[in-house]
Amino acid sequence: MNQRELFFRHLAQTSASPLALEIVRAEGMYLYDADGKAYLDLIGGISVCNTGHRHPGVVEAIRRQADLYLHILVYGEMLQSPQIQYASLLTSLLPQSLQSVYFTNSGTEATEGAMKLAKRATGRTQIVAFNKSYHGSTQGALSIMGDECWRNAFRPLLPGVLHLDYNAFDQLDQINDHTACVIVETVQAENGVIRPSFATTYAKATAVETVIRQLSSGNFLHALRKQCDACGALLVLDEIQTGFGRTGTLWGFEQYDVVPDILLLGKALGGGLPLGAFVAKKELMDTLMDKPVLGHITTFGGHPLSCAAGLASLNILLDEKLVKTVAEKEKIFLQRLVHPSIRSVRSAGLLIAVEFESYEKNKRVIDHCLSEGLLTDWFLFAPNCLRIAPPLTISAEEIVKACDVIMDGVKMTVDG
Ligand SMILES: Cc1ncc(COP(=O)(O)O)c(C=O)c1O
């Protein structure tokens, strides 16, 4: 049996029509299949490979760590240099209040840990989340996922979850003194890149005024922060997709004048290896130490290989000043992706949604791109939107090449 047959026979499938490309190697911006065909990667493993595939510095760090030790004991018991060094670097790049890192294996486990921490610390049970949000697929994270279509088959889920509409200022008074925490994506990714908006009173502001207000107050996240402060609820920001420079600043929340009580990290955090984290102030995190002791435990969370890879990748991101390049690269995409069949292009740095009239039209463009060696995708809650979230290492030439392929696809398949 060949690899394809074995794949369909022995690997659990998550959809009836997986991409099923047989990738044998990846490097920089490209994936290579078994026939030697190169694919320009426009989605970076879904916002994971911010420093590209197999950056030599990351591979070297993994090799060095593999020569020392792999798993030694459950999380939190031993001094493991990759974890310590990585937590130190991360917290040096975060606001003063976010000083304690709990490493997990994945993003969804970071969500689970944050929900437990909020309940434990506040003694409250209600969790507020938002429609069309995605925070992971385990049962707690699924309970707060913002789409009934995905939740329904798995009930009963967590009780005490309230879903509000993202950017609905008039619903914020539903956050009250029963609320343990509010969990929100800084930018809603799977909803097709929806950024925090401004109170309607600011709707007629000029561009300059908008920027000033964005940086000061008046945006949705800022209003959320104020409401949480007013009623003693914790604010949890999910930066699993938006962290590590994706939106043009190292952390997305820097653009909205808001600091969370708990920050969720994942995806690019591991530099291509599995890793998640929730980060909070020390006194808050310490509540997981007793009543009960070992309030949150994991065998592999913060695996030394993952931490070594993530640490190397973050150092590369900083050394190569990749975050500074994001806005300029975003601009090239926006300038080139213009066509009457494109309904809108929504972007937050190099997280971009190209909106078509329907999923079918989008899918035809995606398929065209694939046949031309350009890997892209759609969004979970916005299937009519084409996903662009490349490694931040993408060059201007590669962006132009990618846009040409997409635009050819639009002209041939959407109009045709
Ligand atoms: C915003 C956000 N939060 C959480 C998750 C869950 O992360 P993981 O797939 O590592 O469990 C994802 C994954 O796509 C995500 O996009």
Side-chain angles (χ1 to χ4, degrees), residues 12 14-15 43-50 102-118 127-147 150-151 154 158 161 163 166 181-196 221 235-247 251-253 256 260 262-279 296 298 300-303 306-307 309-310 313 346 348-353 376-383 385 387-390:
T14 54
S15 84
I43 49 177
I46 314 294
S47 303
V48 168
C49 311
N50 287 17
Y102 192 120
F103 284 118
T104 62
N105 299 284
S106 62
T108 197
E109 286 172 76
T111 305
E112 300 288 339
M115 286 196 284
K116 283 174 66 182
L117 177 57
I127 294 178
V128 173
F130 292 89
N131 291 317
K132 305 297 175 197
S133 61
Y134 185 78
H135 302 286
S137 210
T138 50
Q139 293 207 49
L142 178 65
S143 305
I144 60 168
M145 189 194 288
D147 196 308
W150 271 273
R151 293 191 304 250
F154 305 102
L158 272 189
V161 175
H163 283 98
Y166 190 78
C181 67
V182 177
I183 305 190
V184 62
E185 290 168 86
T186 306
V187 172
Q188 280 200 318
E190 294 310 314
N191 197 15
V193 189
I194 306 294
R195 292 156 54 138
L221 294 182
L235 178 64
V236 183
L237 280 188
D238 181 339
E239 291 251 356
I240 288 169
Q241 254 191 86
T242 51
F244 298 93
R246 174 64 48 200
T247 68
W251 316 114
F253 66 77
Y256 299 99
I262 308 177
L263 176 68
L264 306 185
L265 298 175
K267 292 199 182 271
L269 174 71
L273 292 191
L275 192 62
F278 55 105
V279 187
H296 193 67
T298 162
F300 288 122
H303 193 282
S306 300
C307 286
S313 186
R346 295 188 293 272
L350 284 177
L351 181 59
I352 302 173
T376 173
D377 195 11
W378 43 283
F379 290 89
L380 197 58
F381 306 132
C385 294
R387 184 193 301 266
I388 298 177

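What you are looking at is a predicted structure, and each value in this text was computed from that prediction instead of being measured. As the structure lists them, so they are numbered: ligands from 1, and atoms in each ligand from 1.
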Visitor: Considering only the protein, which heavy-atom contact is closest to atom 3 (N) of ligand 1, and what is its distance?
Guide: D238 OD2, 2.7 Å
Visitor: Looking only at protein heavy atoms, which one is nearest to atom 11 (O) of ligand 1, and how far off is it?
Guide: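 Going atom by atom, the protein heavy atom closest to atom 11 (O) of ligand 1 ends up being T108 N, 2.8 Å.
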Visitor: Tell me which protein heavy atom sits closest to atom 16 (O) of ligand 1, plus the residue, atom name and distance to 0.1 Å.
Guide: Q241 NE2, 2.7 Å
Visitor: Show, in sequence, the C-alpha distance, side-chain angles and deciding distance for H296 and Y102, and conclude whether the ring-ring contact (aromatic ring centres under 6.0 Å, His included) test is met.
Guide: CA-CA 9 Å; H296 193 67; Y102 192 120; 5.2 Å; yes
Visitor: Should the ring pair W251 and F253 be called parallel, tilted or perpendicular, given that the plane angle runs from 0 to 90° and is split at 30 and 60?
Guide: parallel
Visitor: Which is it for E190 and ligand 1 at heavy atoms under 4.0 Å: side chain, backbone, both or neither?
Guide: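 The answer is neither; E190 stays 4.0 Å or more away.
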Visitor: Calculate, to the nearest 0.5 Å, the distance between atoms CG and CD1 belonging to L235 and I262 respectively.
Guide: 9.0 Å
Visitor: Where is the tightest heavy-atom contact between S313 and G271, given as atom of each residue plus distance?
Guide: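 Reported closest heavy-atom pair: CB-CA, 3.6 Å.
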Visitor: Tell me the contacting part of E185 for ligand 1: side chain, backbone, both, or neither, using a 4.0 Å heavy-atom threshold, strictly below.
Guide: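 Under 4.0 Å from ligand 1, E185 contributes side-chain atoms alone.
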Visitor: Quick one: does atom 14 (O) of ligand 1 have a protein heavy atom under 4.0 Å from it?
Guide: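 Under the 4.0 Å cut-off, atom 14 (O) of ligand 1 does have protein heavy-atom neighbours.
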Visitor: Among all protein non-hydrogen atoms, which one is nearest to atom 8 (P) of ligand 1, and what is the separation to 0.1 Å?
Guide: G107 N, 3.5 Å
Visitor: Would you please classify the geometry between the F381 ring and the W150 ring as parallel, tilted or perpendicular, with 30° and 60° separating the classes?
Guide: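 Because their plane-to-plane angle is over 60°, the rings of W150 and F381 count as perpendicular.
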Visitor: Among K267, E190, E185, which residue satisfies the side chain to side chain donor-acceptor pair (under 3.5 Å) criterion with Q241?
Guide: E190
Visitor: Taking all non-hydrogen atoms of both residues into account, name the closest pair between C181 and V236 and its distance.
Guide: CB-CG2, 3.9 Å
Visitor: For ligand 1, which atoms have a heavy atom of K267 less than 4.0 angstrom away?
Guide: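 Taking each heavy atom of K267 in turn, ligand 1 has 12 (C), 13 (C), 14 (O), 15 (C), 16 (O) under 4.0 Å.
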Visitor: Which protein non-hydrogen atom lies closest to atom 2 (C) of ligand 1, naming both residue and atom, and how far is it?
Guide: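 Going atom by atom, the protein heavy atom closest to atom 2 (C) of ligand 1 ends up being Y134 O, 3.3 Å.
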